[in-house]
Structures are given as structure tokens and as C-alpha cells.
Amino acid sequence: AVLKKRLVKLVVNFLFYFRTDEAEPIGALLLEHCRITKEEENVFSISFVEEPERKYCFECDSEEQCQEWIEALKRASYEFMRRSLIFYRNEIQKMTGKDPLEQYGISEEARFQLGTYKQ
Amino acid sequence: MKLNERSVAHYATCDSPADHAGFLRKRVERHHHHAHHHATSYQRRWFVLKGNLLFYFEERESREPLGLVVLEGCTVELCEAAEEFAFAIRFDDAGARAYVLVADGQAAMEAWVKALSRASFDYMRLVVRELEKQLEEACKSLAACRKSPRRSSSSSRKRHLSNPALLPVPEKPAVLENGYSTWGSGGGVPGGAACPDRDGGHAKPPPLPPRWRSAAGSTTGSPVPSLSPTMLESPVTPEMACFSKLHSWYGQEIAALRREWQERQKRGHP
């Protein structure tokens with residue numbers, strides 16, 4: 001496999017990649033239901049649940065950069081954020097007896113309910 | 001632009017729960033130079049909202065979406081189209097096309113508008129950050145509350161060991177309230193009947209709850225036995241970054257305290 005130099009940009013739950021001299025991205029990866037794996041030195045890969053053997057590999061300039069990307073990408077999915085929100089909501093409720101989402105008027109929203117998103 | 005379509009289609013059709021789903025009619029957008037006539041047409045599609053992604057399918061049973069709308073940098077608004085129950089998704093980027101959608105009825109339209117307005121990743125991120133802050137603050141104030149019981153415990157312990165009549169929790173509601181929320185400021189027990197003040201009359205924190213006192217009762221001489229063993233042995237401090245441990249530790253203590261307080265309330269303390 002040939003490594004091509006790309007400008008890579010993480011925007012919400014999408015990873016865009018560009019040829020270094022172009023303004024429009026060549027492509028994007030939706031980062032839901034994916035796994036981020038550390039490969040060999042300076043390298044990480046992204047693979048998706050329905051096709052785990054297909055790996056999108058990225059080589060970084062340093063191990064540090066590699067770790068930064070891995071951490072950022074692991075937190076990049078909407079589903080990860082949703083789980084965090086539900087977790088915090090539950091913890092705050094346990095500690096204070098109050099549902100912190102009430103002040104926003106969103107406590108009944110399906111997307112924020114405990115028990116719906118066990119993964 | 002390439003997209004990992006297979007994975008996207010999988011995400012769209014897999015059994016992870018959708019945030020909203022239903023039939024909507026989607027206005028067909030024509031390019032300006034094709035619009036010889038002004039008739040607008042609509043196509044009925046099956047829409048599925050998952051996270052910040054709005055997928056649409058030809059049929060409910062379709063195995064692949066026809067298209068996808070990424071709900072970032074957009075507003076969802078009611079539409080003054082000729083159609084009733086119409087709403088539009090418009091993007092801050094003026095060049096991007098808008099999506100005009102028509103629901104089956106008022107309730108369906110309202111439900112969609114609500115669901116779509118809160119669908120963005122940015123919105124979710126905002127709420128998560130806010131909750132992170134709130135949790136941190138709750139932990140901090142809890143940690144602050146815990147400091148006083150340690151200091152007062154030995155004096156309370158001495159008091160009730162020498163005077164068994166003090167063991168039951170005093171019946172003043174004010175003390176009960178203070179006892180569980182603001183240990184530090186628990187002073188000025190009105191009437192002072194339950195806790196004769198041996199230290200010259202200055203404000204004293206209320207006595208410790210029975211759970212902690214029973215631990216104290218068994219070890220007369222040791223320093224801070226009135227605190228539950230878990231608290232003393234806990235490896236977790238508020239400074240630790242390991243939030244998950246911190247959460248479950250504090251959570252258990254608070255849950256137990258609240259249960260006891262509620263039980264006491266039920267037993268008829270005014």
C-alpha cells in the first residue's frame with residue numbers, strides 16, 4: 001500500500017481528507033460504529049464494525065501526534081457523546097437529586113434517555 | 001467527494017435506535033435553468049434521524065439510503081410554502097440547497113422540527129460540556145461538605161458517648177436540614193435541648209447520622225472512627241482525573257444519606 005500525504009481534518013463526526021494543495025476534500029469518513037486502533041509506530045487505523053478487516057491507515061509524524069489523533073477520534077462519534085451525556089446526567093441526578101436537563105427543557109427527549117443506548 | 005458509503009449505509013440501517021423516523025414528503029429541487037414552470041412536486045420518502053444525520057430512503061424497507069443530510073450549521077424552520085405542515089432545513093452556507101419537507105399533520109410536523117433542531121453534534125457537545133461542569137461543581141461542594149464532619153466527629157462522639165440520651169437525632173427540622181447539606185454552618189440549634197453545649201455556647205454542628213455513629217460506638221479511643229470505613233479507605237480524591245470511580249464513590253454515599261434522611265422524615269420528625 002502506498003502512503004499518500006493528505007491534509008486531514010476532523011469536523012464533528014467526520015474525518016475529511018484533502019490533497020495538500022486543494023480547498024475541497026477528496027473524501028470523508030463518517031466516524032460512527034468505528035474502531036480506532038494503534039498499529040505500528042506512528043500509525044493508527046480506522047475500521048468499521050461491518051467490515052473490520054478493511055483498515056484505513058494513517059501515519060503520523062510522531063508517536064505523540066499519533067496518540068493525540070487516537071484520543072480525538074475515539075471521542076469523535078455522536079454516539080460517544082450521547083453516552084457521555086447520559087452518564088453525566090445520571091451522575092448529577094444521583095448526587096443532587098435533580099435532573100440537569102430539566103433547565104433546558106429537554107429531559108423528555110428520546111435521545112437522552114438512560115437505558116436506550118446500552119452499548 | 002468520496003464517502004465510506006458502505007459504513008454509512010450500515011449505520012443508517014442497523015438496529016441502533018433512531019432518534020426519530022417517519023414518512024415525509026420531500027420537495028424536489030430543480031436547478032434554475034430547468035425551472036420552465038413553477039410547479040413544485042414532492043416525493044414521499046422514509047426518513048430516519050440518527051444523531052446528527054438525517055437519512056432518507058425510497059421505502060421503509062429499503063436496504064440503502066437514497067441520501068443523507070448532515071445537520072450541522074443549519075436551522076429548521078416552519079415554511080410558508082403552499083403546503084400545510086411544511087418545514088425547511090436551511091444552511092448557514094447560502095450556497096447549500098435547502099430541504100423542504102412536508103409532514104402528515106401538525107403533531108408530526110412539530111415532532112420533526114423539535115427533533116431536528118436538537119440534532120446537531122455542536123448542540124450535543126454544548127450540553128455535554130455544561131453537564132461536565134455541573135458534575136465537577138457538585139463533586140467539589142460535596143468534598144467541601146465532607147471536611148467538617150471529620151473535625152466535629154470527635155467532639156460529637158465524646159458528647160454522645162458520655163450522654164446516651166443524645167443518640168437519637170434531635171427533632172428540630174432546622175438541624176435535620178443543616179445536618180445533611182451544610183455541615184459547616186450547622187450552628188445555632190434553636191432551644192438547644194438536644195445538644196447541651198459543653199464548649200461554652202458557640203454554634204455547634206449537628207450530630208452525625210446514626211450510620212456513622214454506630215461505627216464510632218464500637219471504637220472508643222480511635223481518632224475518626226465515626227466516618228464510614230469506605231470514606232477513610234477510599235483511594236479516590238476530588239483531584240483525581242478518574243471520574244468514573246469518583247462518581248460511583250460519591251454516588252453511593254449520597255444515596256445512602258438521602259435514604260436515611262427520608263426514612264427519618266417518614267418516622268415523623270416535624
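Numbered from 1 within each chain, the chains take letters A, B, ... in sequence-line order. Keep in mind that this is a model prediction, so the values were computed, not measured.
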Do other residues, nucleotides or ligands put more than 12 heavy atoms under 6.0 Å from [X] [atom1]?
X      : atom1 : answer
A/E64  : CD    : no
A/K38  : NZ    : yes
B/E64  : CD    : no
B/D92  : CG    : yes
B/Q106 : CD    : yes
A/D21  : CG    : yes

Quick one: are [X] and [Y] in side-chain contact, heavy atoms under 4.5 Å?
X      : Y      : answer
B/L131 : A/F87  : no
A/I46  : B/N4   : no
A/F48  : B/R6   : no
A/R111 : B/L49  : yes
B/M124 : A/F112 : yes

Under 4.5 Å from any heavy atom of chain B - which part of [X]:
X     : value
A/E51 : side chain
A/V11 : neither
A/Q93 : neither

With rounding to the nearest 0.5 Å, note down the distance linking [atom1] in [X] to [atom2] in [Y].
X     : Y      : atom1 : atom2 : value
A/L85 : B/E130 : CG    : CD    : 11.0 Å
A/F18 : B/M1   : CZ    : CE    : 9.0 Å
A/R82 : B/N52  : CZ    : CG    : 9.5 Å
A/T96 : B/E137 : OG1   : CD    : 11.5 Å
A/L29 : B/K2   : CG    : NZ    : 9.5 Å

Practice problem: Sort out for me which of B/C14, B/S7, B/A115, B/S141 touches chain A most, counting heavy-atom pairs under 4.5 Å. | Solution: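 The candidate making the most pairs under 4.5 Å is B/S7.
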Self-check item: Proximal component of B/R129, with respect to chain A [non-hydrogen, under 4.5 Å]
Solution: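 Neither the backbone nor the side chain of B/R129 comes within 4.5 Å of chain A.
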Self-check item: Contact origin within B/E72 toward chain A - heavy atom pairs under 4.5 Å
Solution: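 Contact with chain A involves the side chain of B/E72 alone.
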Self-check item: Working for side-chain contact (heavy atoms from CB on, under 4.5 Å), residues B/K50 and A/Y78
Solution: CA-CA 9 Å; B/K50 280 193 184 181; A/Y78 188 98; over 6 Å; no
Practice problem: Determine the minimum heavy-atom distance between B/L3 and A/L30, stating which atoms define it. | Solution: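 In terms of heavy atoms, the two residues are closest at CD1-N, 4.4 Å.
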Self-check item: Parallel, tilted or perpendicular, as decided by the 30° and 60° cut-offs, for the rings of A/H33 and B/Y11
Solution: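 Geometry flag for A/H33 against B/Y11: perpendicular rings.
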Quiz item: Could you go step by step and tell me if B/L142 and A/M95 meet the side-chain contact (heavy atoms from CB on, under 4.5 Å) rule?
Solution: CA-CA 9 Å; B/L142 184 59; A/M95 288 184 72; 3.6 Å; yes
Quiz prompt | Check: B/Q134/A/E91 side-chain N/O donor and acceptor closer than 3.5 Å | solution =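 Absent: no donor and acceptor within the cut-off.
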Practice problem: List the steps and the verdict of side-chain contact (heavy atoms from CB on, under 4.5 Å) for A/F14 and B/L53. | Solution: CA-CA 11 Å; A/F14 283 88; B/L53 304 172; 3.9 Å; yes
